[in-house]
Amino acid sequence: SAGQILSGEPERDSAIAVVGAGTDFGKAALIPDGKGGYRAAPSEGGHANFPFVSRREYEFQAFLLGETSQRYITIGDVVSGRGLSFLHRFLTGEKLEPQEVAERFREYPETLEWASRFYARACRNYALETLAVGGLFIAGGIAAKNPDLVTGTVFEAEFRSSDTMEELLRKIPVRLIKDENSGLWGGAVYGLQKLSVR
């Protein structure tokens, strides 16, 4: 089942974006097949660079580069379970496991605010990249277990924020998939589609 996070005006027979944060950050697009259904277009977009946009965020980026010894920081490094741990340690100095951070969001509103803003940014960018005017669905264990991450005003403000595409973004509805196994179901459907092509 999916619950609405942000309302919109979805266009029929249009692309739908699906994202999900867990151990990493997954992306897929559902493309209309011209027969009333959809074909799944997988992605490795979680391995693309994450866009930091302010001096304080650049400090977090430098922190991550030091912690990970990588050449650049990916979306999955920021919007994932390990991203929560890194973010919390950067903001508080306290080292916690991802589940511990998520369970204690209410004790750490700044961690929740940053995590929500980063998740929304990743969602917004993918919705724009895929022109997902059919809607965006959020899957994955992190949001399913911690809906505050995607249902607050910080998420909405960041998702709708754009100097050039705000009107389009206001039309894209966002829904939260509460079933943590939705990725497995999606994989099964994709496998059946591949078999039916042969």
Side-chain angles (χ1 to χ4, degrees), residues 17-29 41-130 132 136-166 169 174 176 180 183:
V18 183
V19 300
T23 55
D24 214 297
F25 188 75
K27 298 179 175 184
S43 169
E44 287 295 344
H47 294 277
N49 295 51
F50 184 82
F52 296 96
V53 298
S54 69
R55 183 186 59 78
R56 185 79 168 126
E57 288 187 14
Y58 297 144
E59 291 172 2
F60 178 49
Q61 179 182 28
F63 171 83
L64 286 172
L65 287 168
E67 291 294 314
T68 64
S69 300
Q70 296 177 166
R71 289 179 292 145
Y72 64 89
I73 301 305
T74 69
I75 298 168
D77 292 325
V78 177
V79 186
S80 66
R82 71 182 179 281
L84 285 179
S85 290
F86 285 136
L87 177 59
H88 186 72
R89 187 157 22 125
F90 171 73
L91 293 172
T92 69
E94 183 179 31
K95 186 173 184 177
L96 296 176
E97 292 299 315
Q99 184 176 347
E100 294 175 298
V101 175
E103 288 171 352
R104 297 167 64 183
F105 268 144
R106 292 181 194 225
E107 296 174 44
Y108 301 105
E110 187 179 26
T111 300
L112 175 59
E113 179 184 326
W114 279 58
S116 184
R117 187 171 62 245
F118 287 158
Y119 208 137
R121 189 175 303 160
C123 288
R124 177 192 67 218
N125 289 350
Y126 193 54
L128 290 172
E129 290 164 8
T130 57
L136 180 133
F137 286 79
I138 298 174
I142 292 178
K145 289 176 184 162
N146 306 282
D148 287 351
L149 191 62
V150 295
T151 58
T153 57
V154 171
F155 182 92
E156 179 177 9
E158 183 69 23
F159 181 80
R160 303 287 199 211
S161 174
S162 171
D163 291 339
T164 56
M165 290 287 130
E166 186 175 350
L169 289 165
V174 179
L176 173 63
E180 293 179 49

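Count residues from 1 along the sequence.
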Novice: For the aromatic rings, using the six-membered ring if either is Trp, is the centroid distance between F52 and Y58 under 6.0 Å?
Specialist: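 No, the ring centres sit 6.0 Å or more apart.
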Novice: Would T74 and H47 satisfy side chain to side chain donor-acceptor pair (under 3.5 Å), going step by step from the backbone distance to the final call?
Specialist: CA-CA 5 Å; T74 69; H47 294 277; 5.3 Å; no
Novice: The criterion is side-chain hydrogen bond (donor to acceptor under 3.5 Å, both in side chains); which residues satisfy it with R71, sequence neighbours excluded?
Specialist: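 With neighbours one apart ignored, the set is empty.
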Novice: What's the separation between atom CD in Q61 and atom OH in Y72, rounded to the nearest 0.5 Å?
Specialist: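 If I round to the nearest 0.5 Å, the distance is 12.5 Å.
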Novice: With sequence neighbours excluded, what pairs up with E113 under the side-chain hydrogen bond (donor to acceptor under 3.5 Å, both in side chains) test?
Specialist: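 Expected list: none.
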Novice: Rounded to the nearest 0.5 Å, how far does CZ of F118 lie from CG of L149?
Specialist: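 Reported value, rounded in 0.5 Å steps: 12.0 Å.
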Novice: Please name all residues satisfying ring pair (Phe, Tyr, Trp, His ring centres under 6.0 Å) with Y126, sequence neighbours left out, ordered by chain then number.
Specialist: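 Y126: no ring pair (Phe, Tyr, Trp, His ring centres under 6.0 Å) contacts found.
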Novice: Could I get the full list of ring pair (Phe, Tyr, Trp, His ring centres under 6.0 Å) partners for F86, not counting sequence neighbours?
Specialist: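 For F86, no residue satisfies ring pair (Phe, Tyr, Trp, His ring centres under 6.0 Å) once neighbours in sequence are set aside.
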Novice: Rounded to the nearest 0.5 Å, what separation is found between the OG atom of S116 and the CZ atom of F105?
Specialist: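 These two atoms lie 8.5 Å from each other.
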Novice: What residues form a side chain to side chain contact (heavy atoms under 4.5 Å, CB included) with T23, not counting sequence neighbours?
Specialist: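 Scan of T23 (side chain to side chain contact (heavy atoms under 4.5 Å, CB included), adjacent residues dropped) gives none.
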Novice: At what distance, to the nearest 0.5 angstrom, does NE2 of H88 lie from CD of E110?
Specialist: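 It is 10.5 Å, given to the nearest 0.5 Å.
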Novice: For E59, check side-chain hydrogen bond (donor to acceptor under 3.5 Å, both in side chains) against everything at least two apart and list the hits.
Specialist: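 For E59, the residues satisfying side-chain hydrogen bond (donor to acceptor under 3.5 Å, both in side chains) (neighbours in sequence not counted) are R55, R56.
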Novice: Can you give the donor-acceptor pairs under 3.5 Å from side chains of residues 154-162 to other protein atoms, not counting sequence neighbours?
Specialist:
| from | atom 1 | to | atom 2 | distance (Å) |
| --- | --- | --- | --- | --- |
| E158 | OE2 | R121 | NE | 3.0 |
| E158 | OE2 | R124 | NH1 | 3.1 |
| R160 | NH1 | L169 | O | 2.4 |
| R160 | NH1 | I172 | O | 3.1 |
| R160 | NH2 | S7 | O | 2.8 |
| S162 | OG | T164 | N | 3.2 |
| S162 | OG | M165 | N | 2.8 |

Novice: For S85, which residues count as a side chain to side chain contact (heavy atoms under 4.5 Å, CB included) partner, sequence neighbours excluded?
Specialist: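 In terms of side chain to side chain contact (heavy atoms under 4.5 Å, CB included), with neighbours along the sequence ignored, S85 is linked to P98.
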Novice: Looking at every non-hydrogen atom in both residues, tell me the closest pair between I75 and G45 and how far apart they are.
Specialist: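 Nearest heavy atoms, I75 then G45: CD1-O, 3.4 Å.
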Novice: Looking at CG of L96 and CG of L87, how far apart are the two atoms once the value is rounded to the nearest 0.5 Å?
Specialist: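 Separation between the atoms: 11.5 Å.
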Novice: Which residues pass the salt bridge (Lys or Arg N to Asp or Glu O under 4.0 Å) test with E129, not counting sequence neighbours?
Specialist: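 For E129 the salt bridge (Lys or Arg N to Asp or Glu O under 4.0 Å) partners, ignoring immediate neighbours, are K27.
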Novice: Can you list every salt bridge (Lys or Arg N to Asp or Glu O under 4.0 Å) pair that touches residues 78-88, not counting sequence neighbours?
Specialist: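 For residues 78-88, and leaving out neighbouring residues, the salt bridge (Lys or Arg N to Asp or Glu O under 4.0 Å) pairs sorted by first residue read D24-R82, D77-R82.
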Novice: Does R117 have any side-chain hydrogen bond (donor to acceptor under 3.5 Å, both in side chains) partners at least two apart in sequence or in another chain, and if so, which?
Specialist: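 With sequence neighbours excluded, R117 shows a side-chain hydrogen bond (donor to acceptor under 3.5 Å, both in side chains) to E57, given in chain and number order.
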Novice: For Q99, enumerate each residue passing the side chain to side chain contact (heavy atoms under 4.5 Å, CB included) test, keeping only those at least two apart in sequence or located in another chain.
Specialist: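 Here the qualifying residues are E103.
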Novice: So, taking the atom named CD1 in I73 and the one named CG in L64, what distance separates them when rounded to the nearest 0.5 Å?
Specialist: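 Going from the CD1 atom of I73 to the CG atom of L64 covers 4.5 Å.
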